[in-house]
Each structure stands twice: as C-alpha cells, then as structure tokens.
Amino acid sequence: MAIYRPSIGQMIGREFFSRSPLECSRELIGSILRWGNFSGRIVETEAYDGEDDPACHTFFRTSARVFVATHEAGVAYVYLNYGIHWMFNVLVKGRRSGFVLIRALDPQTGIEAMRVNRKRTALTPLTHLCSGPGKLTQALGIQGGDHGRDLCSDPCYSFYSGPPPKVLQQCPRIGISTAMDYPWRFVAAESPHLSVRPAIMPLP
DNA sequence: TTCGTGATAGAG
DNA sequence: TCTATCACGAAG
C-alpha cells in the first residue's frame, strides 16, 4: 500500500483520495476534519468498496454508481438513513473506488455549537457529541445539501493531517447486514469517542 | 428492545 | 403505486 502522510497541519489534497477505500480509511484516522467553524479529529472510519462489496451503495443503487462515475475523488457523499440520520462519506477513486464513512470524531472546536445542534446541555459528556455517524452529522450540521461538496478545494471544508493514532485497530464493520466479516472498520483504539468499542482482537 | 422516519429501487 | 430495505440513535 502506498504511504501518504503529509506533514501535520497540512490540508489533505485530492491525491490522498485517489487511492483505494481501505488505504484512505486507515490513513484518515487521526486526521482533522474542518467543517466551517467546527473541527474534530477522526477516530473511527469504515471502508466501502465500490466494486465487489455487497454493503456498498454502488452494489444496489444505480444513483451511487452514477455518482462515482460523475464526481472526482475527495467529494462528499451524503445520504439519509432510516429517514432520520445523515451519513457522511468521502468518495475515493484509486485502483479501486468506493467510499469512506466517517463514523466518529473527537471534537476540537465549536463544541458549544455542537451541543446546541445536538440539543444537548453542557452536562452531556464530550465523548457523546460525535460518537457515531448520525451524531457527528447532526453536531456539524451536515445534511443533504452537502452531497457532492468538494472537500479538496475550500480550506474551510477540508481534511488536515493530524497526529497519528496511538493504537490503530482494524476490526469488522458494524451496523450492516451483509459482508459483516470484512474487517474494514478502523479506529483509534485509545479514543473514548468511538461509537462502539471494538472487541479485543486476538493476535494472528 | 422498540420505534421513528424518508429516500431508493424493484416488483406488480 | 406498493413495499422492503437501510452504513442509526434515544428512550425505556
């Protein structure tokens, strides 16, 4: 796998996302998502492979295949799930194309506004603000209008390289009903901001 | 454990 | 048109 780790604080460019979903998912752990006045460190992602992954939208949605074909790597793929929750993904197009689902953030800036968006009080633990894909979109105000937004051209809506995780753990994806054995979820295992703590994986 | 909620796609 | 499905979260 190609290693791409720009120096800390550098805006992540389109070439980062011009790689496979697994590479991008893994290396986004520890990076910073800036979204307007909000920012957070990415501590949990999942990879969805657009070619032979039954859990990926491209597998069962024509519109997703059209989206991949008509957009550049590094744009947002946002959709509503269960009629309630917006899911925030990034389109990646390398040797393989697909999506990276951003599942949890460690909030850095805009925390009070996140609490307002989440309709939570100051008593709510910080670790509950963005610990899940639906929670983080609500906290940052990400909605359907952001579908297709380019995340590689506007410094206010971009990813920035950050300190690498202390313990990068790879484990099975959660919340899906097919292809559940693919270990395509990545977490910063030391973070208290995860949606679900992964089981301790036995050594190979 | 249950339930709310809406876009999507495929069947009829 | 109708219906099943869905990468979730909160309340109880």
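Here is the naming used below: chain letters follow the sequence lines, and residue numbers restart at 1 for every chain.
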To the closest 0.5 Å, what do you measure between CD (A:E46) and CD1 (A:I174)? 6.0 Å

Under the 3.5 angstrom rule, does the side chain of A:H147 hit a backbone N or O of A:V78 as a donor-acceptor pair? yes

Specify whether A:Y182 and A:W184 have parallel, tilted or perpendicular ring planes, treating 30° as the upper limit for parallel and 60° as the lower limit for perpendicular. perpendicular

Let me know the distance between CG of A:L129 and P of C:dC8, rounded to the nearest Å. 19 Å

Tell me the interatomic distance from A:I84, atom CD1, to C:dC8, atom P, rounded to whole angstroms. 12 Å

Any stems for DNA chain C, made of 3 or more Watson-Crick or G-U pairs in a row, each with both distances under 3.5 Å? B:1-4 with C:8-11, B:6-11 with C:1-6

Out of C:dA10, C:dC6, C:dC8, which nucleotide sits closest to the side chain of A:R118? C:dA10

So A:R173, base contact, sugar-phosphate only, or nothing? Heavy-atom distance under 4.0 Å. nothing

Value in whole Å for how far the C1' atom of C:dC8 lies from CZ of A:F88: 17 Å

So, A:D53 and A:R173, do they make that salt bridge, N to O below 4.0 Å? yes

A:R96 CZ to A:D49 CG distance, which is reported to the nearest 0.5 Å: 4.0 Å

Residues A:K93, A:E15: salt bridge by 4.0 Å N-O rule: no

With distance as the sole criterion, is a donor-acceptor pair present between the side chains of A:T137 and A:Q143 under 3.5 Å? no

NA contact type, A:S195, heavy-atom cut-off 4.0 Å: base, sugar-phosphate, or nothing? nothing

I need the OH-P distance between A:Y82 and C:dC8, as an integer number of Å. 5 Å

Mind calculating the distance between CG (A:N81) and P (C:dC6) to the nearest angstrom? 10 Å

Taking for each residue the nucleotide of DNA chain C with the nearest heavy atom, is it A:G134 or A:T178 whose nucleotide lies nearer the 5' end? A:T178

5'-most to 3'-most nt of DNA chain B touching chain A (<4.0 Å, heavy-atom partner on protein side) reads B:dG4 to B:dA9

Flag, side chain of A:R34 to backbone of A:G36, donor-acceptor distance under 3.5 Å: yes

May I ask you to check whether A:H57 and A:F67 place their ring centres under 6.0 Å from each other? no

Residues from residues 47-61 of chain A sitting under 4.0 Å of DNA chain B, heavy atoms only? A:F60, A:R61

Below 4.0 angstrom from OP1 or OP2 of C:dA7, is there any side-chain N or O of A:R185? no

Is A:K119 near enough to C:dA10 that one of its side-chain N or O atoms lies under 4.0 angstrom from OP1 or OP2? no

Residue of the set A:T58, A:L22, A:I176 for which side chain to side chain contact (heavy atoms under 4.5 Å, CB included) holds with A:Y48: A:I176

Rounded to whole angstrom units, what separation is found between the CG atom of A:L80 and the C1' atom of C:dC8? 10 Å

Looking at A:S18, is its backbone amide N or carbonyl O close enough to the side chain of A:R95 to form a donor-acceptor pair, meaning the two atoms are under 3.5 Å apart? no

For atom CH2 of A:W86 and atom C1' of C:dC6, their distance in whole Å: 14 Å

Rounded to the nearest angstrom, tell me the gap between atom CG in A:L136 and atom C1' in C:dC8. 12 Å

